[in-house]
Amino acid sequence: MHFTKSFVAAVAFALASNFVVEASPIPSKAVEAYAPMGERKFTAEEIDHHEGLFKRAFPGVNNWNCKPSAARPRAVILVHGLIGSEDTNWAYMSPRFLAEGYCVYALTYGQLPGIPLIAGLDKIETSAGQLSTFIDKVLASTNTTKVDLVGHSQGSLMPRYYLKNLGGASKVNKFAAFGTIAYGTTLLGIAPFLTGLGLYDPIKKIVDPICKSCFQFLAGSPFLTELNNGGDTVPGVSYHFIQSQYDEVVTPYTSGRLRDNNPLVKNIKLQDLCALDLSEHAFQMLDPIVFHSVNAFLSPSEDQTINCLDALR
Ligand SMILES: *[C@@H]1O[C@H](CO)[C@@H](O)[C@H](O)[C@H]1NC(C)=O
């Protein structure tokens with residue numbers, strides 16, 4: 001494919017302007033109040049106040065009166081990543097899914113007591129239980145039997161525990177995810193490096209109380225070994241897993257691919273959709289190409305050709 005210089009510039013601008021506009025979804029006052037983390041104690045009122053800001057989904061999301069339409073027959077549930085929340089992770093994609101006519105829901109999972117503003121920290125098994133409760137609530141509210149999931153980062157992994165171990169396979173139709181973690185990360189080789197230095201266990205002891213999920217993401221962790229044992233997918237669910245070659249959190253990025261020989265599984269390299277797309281791990285949640293790829297997967301009536309032009313719409 002040949003791109004003119006101005007076309008390349010337009011795509012680059014479209015991608016970059018999304019990042020700038022959407023990169024600070026937490027009200028800056030809330031952030032200032034918590035800086036520097038760890039140096040001050042919070043009153044219960046302060047924590048409640050900021051939790052209220054942080055756990056407020058985008059307007060229109062979590063509308064418990066929404067009824068799915070014939071064109072969008074299933075609710076879409078957004079599953080955030082590590083240190084994300086129902087609000088911060090989805091400031092860009094929530095309004096876009098709403099504009100497409102879906103009933104959109106988002107949860108905040110895996111919070112640890114006394115740690116405000118960031119979530120996804122608890123054990124993945126515990127978070128999957130919270131997802132299960134949330135999905136049942138959405139199914140009852142929408143009077144449907146299945147939902148579709150859209151996950152980022154940990155949101156690509158935690159739901160797989162739900163699908164495999166908590167009865168989720170019968171309640172999910174499609175599972176789209178980006179910045180996927182399927183087989184864990186070496187964190188740019190840091191994990192094997194620490195093991196080599198004999199520092200793996202001491203550091204794990206320090207990190208575990210503030211992030212119980214963190215070591216579960218590492219390639220070869222007992223959690224991942226168990227989760228992927230006997231196959232990484234469940235029958236009946238369609239998977240659309242997107243990885244970026246520029247991902248600096250999931251390394252190597254290919255470890256984000258599902259490996260089952262299952263006709264309902266599609267792994268997509270973001271740069272195969274658009275070679276100009278530079279999104280790394282976090283920026284994928286602000287990426288119009290990722291959004292349109294997921295939307296096309298969820299709704300087969302949509303244009304299925306995804307390429308650099310999707311950065312402009
Ligand atoms: C729920 O869906 C079922 C089956 O489609 C239908 O028969 C029933 O009337 C619906 N209930 C409500 C409250 O809409």
Side-chain angles (χ1 to χ4, degrees), residues 52 55-80 84-87 89-111 119 125-152 155-178 231 233-242 258 260 262-266 290-304:
K55 291 192 68 176
R56 182 187 55 197
F58 193 88
V61 173
N62 295 344
N63 170 3
W64 300 103
N65 296 315
C66 191
K67 297 294 171 221
S69 63
R72 312 290 194 209
R74 289 173 304 276
V76 170
I77 298 186
L78 308 175
V79 189
H80 65 74
S85 76
E86 67 196 55
D87 175 24
N89 214 126
W90 302 110
Y92 169 72
M93 291 214 184
S94 292
R96 300 215 63 165
F97 280 117
L98 287 167
E100 294 290 336
Y102 298 97
C103 290
V104 182
Y105 299 85
L107 80 164
T108 297
Y109 65 83
Q111 285 190 276
E125 296 88 330
T126 306
S127 295
Q130 294 167 356
L131 176 67
S132 175
T133 304
F134 190 80
I135 288 176
D136 286 348
K137 185 176 170 186
V138 170
L139 289 174
S141 169
T142 51
N143 192 26
T144 50
T145 55
K146 290 192 178 188
V147 298
D148 291 337
L149 302 178
V150 177
H152 177 213
S156 74
L157 185 65
M158 178 274 272
R160 287 182 45 225
Y161 186 89
Y162 164 72
L163 293 174
K164 181 176 180 180
N165 298 312
L166 302 180
S170 62
K171 298 178 186 176
V172 173
N173 186 282
K174 296 187 175 186
F175 182 15
F178 49 92
T233 60
V234 296
V237 176
S238 301
Y239 298 79
H240 187 86
F241 268 40
I242 300 172
L258 295 168
D260 279 2
N262 172 344
L264 296 180
V265 173
K266 199 165 173 203
V290 171
F291 169 77
H292 287 296
S293 176
V294 170
N295 186 38
F297 165 67
L298 296 180
S299 295
S301 58
E302 296 295 315
D303 180 4
Q304 298 292 309

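Along the sequence shown, residues carry numbers from 1. Just follow the structure's listing: the first ligand is 1, and inside any ligand the first atom is 1.
- The nearest heavy-atom contact from the protein to atom 8 (C) of ligand 1 is Asn143 ND2, 3.6 Å.
- Under the 4.0 Å criterion applied to side-chain N and carboxylate O atoms, Arg160 and Glu125 are not assigned as salt-bridge partners.
- In this structure, atom 12 (C) of ligand 1 is in close contact with the protein, since a protein heavy atom lies within 4.0 Å of it.
- Here the two rings, on Tyr109 and Phe134, have centers that are 6.0 Å apart or farther.
- Put simply, the residue from Phe58, Tyr105, Phe97 that forms a side chain to side chain contact (heavy atoms under 4.5 Å, CB included) with Leu78 is Phe97.
- Residue Val290 comes nearest to Met93 through the heavy atom pair CG1-CE, 3.8 Å, listed as atom of the first residue, atom of the second, then distance.
- For atom 5 (O) of ligand 1, the protein comes within 4.0 Å by no heavy atom at all.
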